[in-house]
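Could you have a look at this structure, given as structure tokens, before my questions?
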Amino acid sequence: RLDIFGSDETTLVASLRRSSLSQAIDEAARSNARLIAAAPDLLATLIDAHDIIDAIGQPETAEVAARMRATIAKARGDE
């Protein structure tokens, strides 16, 4: 069994059990668990980056800022 904890090291984010089907399934599950555990930090970094890009206000960054806003809304469940 593999337990993945959040950055506070006390919040259990995911608990994995070995798969009898395939080693590849085990590795995919581990990769997904690591991504889930990193999600709060990834979201915080995306929000910071969005704020910086949005503050620049250049036309060439408008599309990127809009995609970032949509991704942030999706992660927060605001869709």
Side-chain angles (χ1 to χ4, degrees):
R1 186 173 131 161
L2 173 65
D3 292 333
I4 305 293
F5 291 89
S7 59
D8 65 3
E9 298 181 6
T10 59
T11 303
L12 180 64
V13 176
S15 183
L16 307 172
R17 293 198 168 82
R18 292 197 50 78
S19 170
S20 60
L21 300 175
S22 161
Q23 181 67 27
I25 291 172
D26 282 350
E27 187 50 42
R30 282 188 197 91
S31 294
N32 289 337
R34 287 190 298 270
L35 181 59
I36 291 166
D41 294 330
L42 291 168
L43 179 58
T45 302
L46 180 62
I47 291 168
D48 290 344
H50 169 267
D51 292 347
I52 292 167
I53 289 172
D54 200 42
I56 293 170
Q58 296 296 316
E60 56 271 9
T61 62
E63 181 184 336
V64 172
R67 289 190 351 243
M68 291 171 126
R69 274 192 300 279
T71 302
I72 292 164
K74 185 175 184 177
R76 289 180 171 165
D78 298 339
E79 293 185 325

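If you're wondering where the values come from, they're calculated on a predicted model, not measured in any experiment.
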Can you tell me how far apart CG (Leu42) and CD1 (Ile47) are? Round to the nearest 0.5 Å.
11.0 Å
Could you pull out all residues at least two apart from Asp78 that satisfy salt bridge (charged side-chain N to carboxylate O under 4.0 Å, His left out)?
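Partners of Asp78 under the salt bridge (charged side-chain N to carboxylate O under 4.0 Å, His left out) test: none.
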For residues 49-75, please give each side-chain donor-acceptor pair under 3.5 Å, one per line with the distance, not counting sequence neighbours.
residue, atom, partner, partner atom, Å
His50, NE2, Arg69, NH1, 3.2
Thr61, OG1, Gln58, O, 2.8
Thr71, OG1, Arg67, O, 2.9

